[in-house]
Asks: 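Provided herewith is a single structure, encoded as C-alpha cells, for subsequent inquiry.
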Amino acid sequence: TLDHITVTPSDVTLLPLDSQILSAQGYDLWNNPISGLAYSWMVAGGVGSLNASAGSSVNFTASPPPANGTVQASVGALVGAAQIHVVSGTRPWVAIAAPASGDHLTGVVTITYTTSSAAVSIQFDFDDGTGWTTIGTTVALNGTYLWNASTLDFVGGSLRAIVTNNRAVTNTTVVVPIEVDNTPPTITLGSVADNQATSATLTLTYTTSADVVRVDLTYFDGAWRTI
C-alpha cells in the first residue's frame, strides 16, 4: 500500500526561465519503492510551469518574478513536493584551465580553475563511463585542486566542475575527453634469431601492451648501449 511520495530533487533554486527535471517515486510504509503508479503533477505558488501534468517525471520551467513555491506529485490523496526557489541575479561561472580536452593524466592531477566573484563553492566530479563520481568540494574561488587519480584507469572520460553562488544558483563546466592511465606499459621479449654469420645481425621479437607508443632497445657490454 502506498504510504508516501518523494519528489527528486527535493529542493531547487533556479533563475527565471531555467528548467529542471523532477521525478516522483512512491513508497510503502517500509520504504520499499512501488512501481506502476499514476502520478498527477501541479505547481503551487505561481513559480513556473510544467511540460506535462502526468507521468513519473516532468520538466519544470521557472517563471519571473522571484518567488518560492512547490511542485507537487500526487496519487489520490497522497502528495509529495519539491521546494522551488526562483531568484534574481546572474549565473556564476567556472572555467577549467587544466587539464584540457584530450589530456592523458596519471597519479595526482592538478585541476587549475577560476570562478566568478559570486561563487561560494565548487564541486569537482569525474565520469569514467559508469556515471559521475564526486572528487571533492572547495570554497577557494580561484586556484588549484588536487585530484588523486592514482587508482583510476579509463579512456574517453570527463571532468566536471559545478559552481554555486550565494543564492544557490549553479553552473557547470565539463572537460571531455580525458584519459587517466596508472597502469605501467608492458613488454615481453620473444625469440632471438642469430644471423651474425650471414648478415651480421640479431633479430629480436617482442610484444607490448596496446597503449605503448615507443620501445627503446639496449644491450649491455659493461655499459648499457642503445641498439
Asks: Which heavy atom of Phe60 sits nearest a heavy atom of Gly48, and at what distance?
Replies: CE1-CA, 3.5 Å
Asks: If you measure from CD1 on Ile187 to OG on Ser209, what distance do you get to the nearest 0.5 Å?
Replies: 9.0 Å
Asks: Determine whether Ser101 and Pro177 make a side-chain contact, defined as any pair of heavy atoms from C-beta on separated by less than 4.5 Å.
Replies: yes
Asks: Taking all non-hydrogen atoms of both residues, which atom of Pro99 and which atom of Leu105 are closest, and how far apart?
Replies: CB-CD2, 3.8 Å
Asks: Between Asp103 (side chain) and Ile178 (backbone), is there a donor-acceptor pair under 3.5 Å?
Replies: no
Asks: Please tell me whether Leu189 and Val192 are part of a single hydrophobic cluster in this structure, the criterion being side-chain heavy atoms less than 4.5 Å apart.
Replies: yes
Asks: May I have the step-by-step check of side-chain contact (heavy atoms from CB on, under 4.5 Å) for His104 and Asp181, ending in yes or no?
Replies: CA-CA 7 Å; His104 302 269; Asp181 185 0; over 6 Å; no
Asks: Is there a side-chain contact between Val109 and Val180 (heavy atoms, below 4.5 Å)?
Replies: no
Asks: Can you tell me how far CZ of Phe124 sits from CD1 of Ile96, rounded to the nearest 0.5 angstrom?
Replies: 6.0 Å
Asks: How long is the span from the OG1 atom in Thr70 to the CE atom in Met42, to the nearest 0.5 Å?
Replies: 7.0 Å
Asks: To the nearest 0.5 Å, what is the distance between CZ on Phe126 and CZ on Arg160?
Replies: 11.5 Å
Asks: At what distance, to the nearest 0.5 angstrom, does CD of Gln72 lie from CG of Leu22?
Replies: 12.0 Å
Asks: Say whether Trp41 and Leu14 are linked into one hydrophobic cluster, either directly or through other cluster members, by side-chain heavy-atom distances under 4.5 angstrom.
Replies: yes
Asks: Is there a donor-acceptor contact under 3.5 Å from the side chain of Asn182 to the main chain of Thr106?
Replies: no
Asks: Identify the two heavy atoms, one from Leu2 and one from Ile34, that lie closest to each other, and give their separation to 0.1 Å.
Replies: CA-CD1, 3.7 Å
Asks: Is any side-chain heavy atom of Gln123 less than 4.5 Å from a side-chain heavy atom of Thr134?
Replies: yes
Asks: Can you see which heavy atom on Tyr219 is nearest to which on Thr226, and at what distance?
Replies: CE2-O, 4.3 Å
Asks: In terms of hydrophobic clusters joined by side-chain contacts under 4.5 Å, are Leu202 and Trp224 together?
Replies: no
Asks: Return yes if some donor-acceptor pair links the side-chain N/O of Asp128 with the main-chain N/O of Leu152 below 3.5 Å, else return no.
Replies: no
Asks: Asn195 and Thr203: side-chain hydrogen bond (donor to acceptor under 3.5 Å, both in side chains), yes or no, with the steps?
Replies: CA-CA 7 Å; Asn195 302 310; Thr203 301; 3.1 Å; yes
Asks: Applying side-chain contact (heavy atoms from CB on, under 4.5 Å) to Ile135 and Tyr145, what does each step give before you reach the verdict?
Replies: CA-CA 10 Å; Ile135 299 169; Tyr145 190 88; 4.0 Å; yes
Asks: Applying side-chain contact (heavy atoms from CB on, under 4.5 Å) to Val71 and Val12, what does each step give before you reach the verdict?
Replies: CA-CA 10 Å; Val71 173; Val12 181; over 6 Å; no
Asks: Among the clusters formed by ILVMFWY side chains lying less than 4.5 Å apart, do Leu159 and Ile162 turn up in the same one?
Replies: no
Asks: Report, one line per pair, each donor and acceptor closer than 3.5 Å where one atom sits in a side chain of residues 76-94; sequence neighbours left out.
Replies:
| residue | atom | partner | partner atom | Å |
| --- | --- | --- | --- | --- |
| His85 | ND1 | Asn68 | OD1 | 2.9 |
| His85 | NE2 | Asp11 | OD1 | 3.1 |
| Arg91 | NH1 | Thr170 | O | 2.7 |
| Arg91 | NH2 | Asp18 | OD1 | 2.6 |
| Arg91 | NH2 | Asp18 | OD2 | 2.2 |

Asks: Heavy atoms, side chains only, cut-off 4.5 Å: are His4 and Asn31 in contact?
Replies: yes
Asks: Work out which heavy atom in Trp132 is nearest to a heavy atom in Ser158; give both atom names and the distance.
Replies: CH2-CB, 3.6 Å
Asks: Look at the side-chain heavy atoms of Ile, Leu, Val, Met, Phe, Trp and Tyr, link any pair under 4.5 Å apart, and say whether Val212 and Tyr206 land in one connected group.
Replies: yes
Asks: Give, for atom CH2 of Trp30 and atom CG of Asp3, the distance between the pair rounded to the nearest 0.5 Å.
Replies: 9.0 Å
Asks: Check the side chains of Thr114 and Asn142 for a donor-acceptor pair under 3.5 angstrom, ignoring hydrogens and angles.
Replies: no
Asks: Considering the options Thr173, Ile122, Thr172, Leu141, which one meets the side chain to side chain contact (heavy atoms under 4.5 Å, CB included) requirement together with Val163?
Replies: Ile122
Asks: Please report the C-alpha distance between Val58 and Asn51 in whole Å, then the side-chain angles of each, then the deciding distance to 0.1 Å, and finally whether the side-chain contact (heavy atoms from CB on, under 4.5 Å) criterion is met.
Replies: CA-CA 6 Å; Val58 292; Asn51 70 324; 3.8 Å; yes
Asks: Minimum heavy-atom separation for Thr61 and Ser19, please, with both atom names.
Replies: OG1-OG, 3.2 Å
